[in-house]
Amino acid sequence: MTGDPHFGFVIAAYLVALAVIAAMIVATLADYAGLKKRLERLAARTGRGLDAERK
Amino acid sequence: MRTMPNYANPADFLRLVRVAVPGTTAITAILFGIGLYLALLDSPPDYQQGETVRIMYLHVPSAWMAMFIYVVMSSAAFGTLVWRHPLADAVQKSAAPLGTSFTFLCLVTGSLWGKPEWGTWWVWDARLTSVFVLFLIYLGIVALWQVIEDPGKAARLVAIFTLVGAVNIPIIKFSVDWWNTLHQSASVFRMGGPTIAMSMLLPLIFMTFSFTFLFVTLHLLAIRNEILRRRVRRLSMLAASAGEAEVPVIFAEPAE
């Protein structure tokens with residue numbers, strides 16, 4: 001496979017796919033972490049907030 | 001007596017996410033393991049394209065996902081406008097960035113495949129242009145959610161925009177039949193069956209299911225995030241109305 005003159009294009013495509021998929025996963029998890037932190041802060045302030053997730 | 005869970009209820013949906021996501025994550029990982037093994041190691045090089053055919057195992061599934069996610073969003077948009085389903089807005093909003101990412105991946109891998117095979121990174125032919133238009137529509141939807149402050153208004157406007165944009169999906173699918181394009185015509189979903197060899201069809205099927213399960217997993221998690229964002233918004237407003245200082249206003253959230 002590595003002897004193919006266009007091997008670089010194949011590698012580049014798989015690296016881009018890896019980057020895009022990793023970005024989607026990280027963005028989703030980071031968003032969740034941020035929301036959870038905000039909810040905890042609000043729950044401490046208002047006495048409500050985490051029940052929806054814990055139910 | 002146990003009652004059926006009502007997944008339109010956010011609390012029930014969060015429970016579903018908690019139960020389903022470990023399973024879908026495991027299935028995604030297994031499918032990717034098998035799919036990548038078949039795509040990179042087991043499948044043969046093409047007699048004309050050589051090793052570059054391996055880009056197909058990324059390009060074709062991402063193209064299918066780009067269209068599939070738009071169909072999911074259009075169904076949700078219908079749910080928003082017609083039935084006012086409480087989770088339809090969240091389904092729509094959380095799918096848009098994922099659809100944008102898969103469309104971006106489709107365009108980039110197509111370009112990386114086009115250069116060695118066609119001798120050019122890009123041509124403005126019907127298939128490529130209609131997929132690029134889909135990418136712009138996705139970006140427009142993501143932007144609309146961000147710029148309209150009233151969540152209910154945003155949901156309805158985005159739903160109308162999404163349904164209008166759905167006309168592009170059959171254009172993408174049939175562009176290679178309706179116009180003369182540099183892009184090849186359908187070789188899997190066609191009358192008379194696939195024209196692709198089984199040794200290449202199998203990795204393509206596995207990679208397609210990998211992408212599908214990846215989307216299902218991330219979409220479930222993203223819908224959960226939207227539900228939590230609504231809750232943050234509601235509590236922020238409660239705290240604000242109670243006169244608390246420094247309450248961040250989370251805007252562009254769909255109404256429950």
Side-chain angles (χ1 to χ4, degrees), chain A, chain B residues 9-12 14-15 17-18 32 36 39-41 45 49-59 62 94 97-98 101-102 104-105 108-117 211 214-215 217-219 221-222 224-232 234-236 238-239 242 244 247-248 250:
Chain A
M1 185 158 80
T2 52
D4 191 280
H6 301 125
F7 180 66
F9 290 93
V10 180
I11 290 293
Y14 279 83
L15 286 178
V16 170
L18 181 70
V20 170
I21 290 171
M24 284 193 284
I25 295 170
V26 168
T28 308
L29 296 179
D31 189 25
Y32 176 64
L35 286 164
K36 219 173 151 191
K37 209 178 281 176
R38 244 187 281 170
L39 257 181
E40 278 165 6
R41 229 180 9 240
L42 282 163
R45 221 189 264 174
T46 61
R48 301 166 65 178
L50 293 174
D51 49 321
E53 213 205 347
R54 284 177 181 162
K55 258 182 203 174
Chain B
N9 178 320
D12 280 350
L14 290 175
R15 260 196 298 276
V17 171
R18 231 181 355 255
F32 262 115
L36 286 172
L40 292 174
L41 302 172
Q49 300 182 34
E51 301 293 346
T52 46
V53 75
R54 298 185 198 285
I55 298 174
M56 171 180 73
Y57 306 123
L58 296 172
H59 175 70
S62 53
S94 56
L98 301 174
S101 303
F102 281 112
F104 174 77
L105 186 56
V108 173
T109 52
S111 196
L112 285 165
W113 199 8
K115 182 62 181 168
E117 296 310 316
F211 275 46
L214 175 69
F215 166 67
T217 306
L218 290 177
H219 196 206
L221 291 173
R224 175 191 63 182
N225 288 354
E226 284 312 312
I227 292 170
L228 296 185
R229 210 184 314 278
R230 289 175 186 184
R231 191 153 188 84
V232 167
R234 204 166 41 243
L235 289 177
S236 296
L238 267 176
E244 296 222 4
V247 178
I250 316 301

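Side-chain contact between Leu228(B) and Tyr32(A) is present, with heavy atoms from C-beta onward closer than 4.5 Å.
One distance of note links CZ of Arg234(B) with CG of Leu42(A); it measures 11.5 Å at 0.5 Å rounding. The CG atom of Leu235(B) sits 12.0 Å away from the CZ atom of Arg38(A) when rounded to the nearest 0.5 Å. The line from CD of Glu226(B) to CG of Leu35(A) is 8.0 Å long, rounded to the nearest 0.5 Å.
Only the side chain of Leu214(B) comes within less than 4.5 Å of a heavy atom of chain A; its backbone N, CA, C and O stay farther away. Of the two parts of Phe215(B), neither the backbone nor the side chain holds a non-hydrogen atom closer than 4.5 Å to a non-hydrogen atom of chain A. Looking at Pro116(B), both its backbone and its side chain come within 4.5 Å of chain A, counting heavy atoms on both sides.
Legend: residues meeting side-chain hydrogen bond (donor to acceptor under 3.5 Å, both in side chains) with His6(A), ordered by chain and number and at least two apart, are absent.
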Scan the side chains in residues 7-30 of chain A for donor-acceptor partners under 3.5 Å anywhere in the protein, sequence neighbours excluded, and list what turns up.
unit_1, atom_1, unit_2, atom_2, d
Tyr14(A), OH, Arg54(B), O, 2.7
Thr28(A), OG1, Met24(A), O, 2.7

